[in-house]
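A note on names: the letters A, B, ... follow the listed sequences, proteins ahead of strands, and every chain is numbered from 1.
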There are 2 protein chains.
Amino acid sequence: MLAFLLDPAALSGPADGASDMHPTRQRLISVATRLFQQRGYHAIGLAEILALSETPKGSLYHHFPGGKPELAEACVTRIAESSLAAIDRLSGSGLDMIGFLRRLAEVTAAWLQRTDWLDGSLLAVIGQEQGGVNGPLSEAVRIAYQRIEMRLARWLMAEGVAVARARDMAATIIAAQEGALVLARSRHDAAPVTLVTDMLCTMVDRG
Amino acid sequence: MLAFLLDPAALSGPADGASDMHPTRQRLISVATRLFQQRGYHAIGLAEILALSETPKGSLYHHFPGGKPELAEACVTRIAESSLAAIDRLSGSGLDMIGFLRRLAEVTAAWLQRTDWLDGSLLAVIGQEQGGVNGPLSEAVRIAYQRIEMRLARWLMAEGVAVARARDMAATIIAAQEGALVLARSRHDAAPVTLVTDMLCTMVDRG
DNA sequence: GCCAGCATAGACCGACCAGTCTAGCGGCGA
DNA sequence: TCGCCGCTAGACTGGTCGGTCTATGCTGGC
């Protein structure tokens, strides 16, 4: 979910401990992530990824022998790690829970508008497309959500929320944000993000 | 969103005023809806739809001259109309708002488990895949969400909610439910649906 | 300078895609 | 009985898909 804190700029930011990654690999993941999160996994052909990233096909299969699925998996993992880093950044910035949620809504709304509603949640779109299919890709999405949820819960616990409740609240926050994103993109209107955030704030407020 | 009240059985139920529709057309929409909501628009080939519905290609293009996009549009519209009918049915059954949300959660959880997490929200997956693309298909999704939201808001108003607040609450309910569905499918666990419903109930309770 | 390897480069392939087209079925009105 | 027409039927096509393969840089260690 915090996935949508990310824009292409953030993707190549220092938050990702990926400076040691081969530039071609990095470029492929970056371009593929953007395309996948805009139109999903199946709608994007390798040709488009290769053209936009100015990479020949041979390089793709050198860095990702598993082809398209492996590349998508790398994108999912990358999004997860960037999200974890974003949570850590916020948790170290002195914001309380309400402040965090408000800030998240601001960033999300700005991102949606800036990308002209083109970008969406990579995890949501790939997760939905893979559906019940039990492949490594849907497994990667599941793990990504789980990791984000746990990190979020850990922070909520540090803010004084009880253990069991923290897990539940984290899942609720992620679900509500993802849904708001779906609706906001369809309507070309950031209002759902704000509305959902209001609700989350009262939830957090009451414990 | 109430989209997910629907399973294949419900789709061919009497709730749809489509008894006058040509059986082939009906069969195509029914099968295509199920496939699309499981794996999205682009992952499903016509061959699969035709095989499962035992329909030759000529018939598809007879009933849907616009081809795959027109078929998908019909699926979206059908989902919207079934959702409206479902809302009307519930609003006439004497349930209060909390009762409605609880019932929705029950039905959704049961549906997810029964379909082994294969089925998802047609509107969400197609909306995400189409992204910012301004085609008739994404427009159909937008309109579907809008119609569902308005019908839901109308009912909330009948339950005593103020006009402006009803619209906001309706959007929030849809967003939260859609997000819960995304997370639940990925985790193969209906808990997010319950969690989100708890939050929605307190929202509705406080007005 | 030379070799070894990683990495680039893109021609090429069979499979599959959505969509077109012609042919034929079957029931109903004249 | 005949002809019409809504509908079925599926062969066929051009294009695109993901993936493979061979050839060619390019560069750091010797």
Side-chain angles (χ1 to χ4, degrees), chain A residues 18-36 38-76 122 125-126 129-131 133 135-138 140, chain B residues 18-36 38-76 122 125-126 129-131 133 135-138 140:
Chain A
S19 347
D20 55 345
M21 199 189 287
H22 194 288
T24 300
R25 192 183 161 87
Q26 217 159 350
R27 214 171 54 242
L28 279 168
I29 292 180
S30 177
V31 168
T33 298
R34 195 159 69 241
L35 289 175
F36 286 147
Q38 286 177 355
R39 279 178 282 147
Y41 177 77
H42 292 286
I44 303 298
L46 292 185
E48 199 172 350
I49 298 171
L50 297 174
L52 263 177
S53 64
E54 295 176 294
T55 309
K57 190 169 274 195
S59 298
L60 191 156
Y61 280 89
H62 173 77
H63 293 285
F64 301 93
K68 196 185 177 187
E70 187 181 335
L71 172 58
E73 220 180 304
C75 293
V76 167
L122 182 78
V125 69
I126 290 190
E129 275 183 300
Q130 296 299 308
V133 179
L137 190 46
S138 55
Chain B
S19 346
D20 55 344
M21 200 189 287
H22 193 288
T24 301
R25 190 182 163 87
Q26 219 160 348
R27 214 172 53 243
L28 279 168
I29 292 180
S30 178
V31 168
T33 298
R34 194 160 69 241
L35 289 175
F36 286 148
Q38 285 178 354
R39 279 178 282 148
Y41 177 77
H42 293 285
I44 302 299
L46 292 185
E48 198 171 352
I49 297 172
L50 297 174
L52 263 177
S53 63
E54 296 177 293
T55 308
K57 191 169 273 194
S59 298
L60 191 157
Y61 280 91
H62 173 78
H63 293 285
F64 302 94
K68 197 184 176 189
E70 188 181 333
L71 173 58
E73 220 180 304
C75 293
V76 167
L122 182 78
V125 69
I126 290 191
E129 274 183 300
Q130 296 299 306
V133 179
L137 189 47
S138 56

Within the 4.0 Å heavy-atom criterion, would you say [X] contacts the bases, only the backbone, or no part of the nucleic acid?
{"X": "B/Leu71", "result": "nothing"}
{"X": "A/Lys68", "result": "sugar-phosphate"}
{"X": "A/Gly58", "result": "base"}
{"X": "A/Ile44", "result": "sugar-phosphate"}
{"X": "B/Thr24", "result": "sugar-phosphate"}

Can you check the [X] [atom1] to [N] [atom2] distance for me, whole Å?
{"X": "A/His42", "N": "D/dT16", "atom1": "NE2", "atom2": "C1'", "answer": "16 Å"}
{"X": "B/Leu60", "N": "C/dC17", "atom1": "CG", "atom2": "P", "answer": "14 Å"}
{"X": "A/His62", "N": "D/dG19", "atom1": "NE2", "atom2": "P", "answer": "17 Å"}
{"X": "B/Glu54", "N": "D/dG10", "atom1": "CD", "atom2": "P", "answer": "12 Å"}
{"X": "B/Phe64", "N": "D/dT8", "atom1": "CZ", "atom2": "P", "answer": "11 Å"}
{"X": "A/Leu46", "N": "C/dG10", "atom1": "CG", "atom2": "P", "answer": "16 Å"}
{"X": "B/Leu50", "N": "D/dC12", "atom1": "CG", "atom2": "P", "answer": "18 Å"}
{"X": "A/Arg27", "N": "C/dT8", "atom1": "CZ", "atom2": "C1'", "answer": "10 Å"}

OP1 or OP2 of D/dC7 sitting under 4.0 Å from any side-chain N/O of B/His22?
yes
State whether B/Ser59 places a side-chain N or O below 4.0 Å from either non-bridging phosphate oxygen (OP1 or OP2) of D/dA9.
no
Among [options], which nucleotide has an atom closest to any side-chain atom of [X]?
{"X": "A/His63", "options": "D/dT20, D/dG10, C/dT8", "value": "C/dT8"}
{"X": "B/Pro56", "options": "D/dT8, C/dA9, C/dC17", "value": "D/dT8"}
{"X": "A/Lys57", "options": "D/dT20, C/dA18, C/dA9", "value": "D/dT20"}
{"X": "A/Tyr61", "options": "D/dG10, C/dC17, D/dT20", "value": "D/dT20"}

Using modelled atom types and a 3.5 Å cut-off, is there a donor and acceptor pairing between side-chain atoms of [X] and backbone atoms of [Y]?
{"X": "A/Gln130", "Y": "A/Leu137", "result": "no"}
{"X": "A/Glu129", "Y": "A/Gly40", "result": "no"}
{"X": "A/Lys57", "Y": "A/Leu46", "result": "no"}

Between A/Leu28, A/Leu35, A/Leu60, which is the residue that forms a side-chain contact (heavy atoms from CB on, under 4.5 Å) with A/Ser53?
A/Leu28
Could you tell me if the side chain of B/Glu48 sits less than 4.5 Å from the side chain of B/Arg39, heavy atoms only?
yes
Sorted by position of nearest nucleotide on DNA chain D, 5' first, the leading residue of A/Ala43 and A/Pro65 is A/Ala43
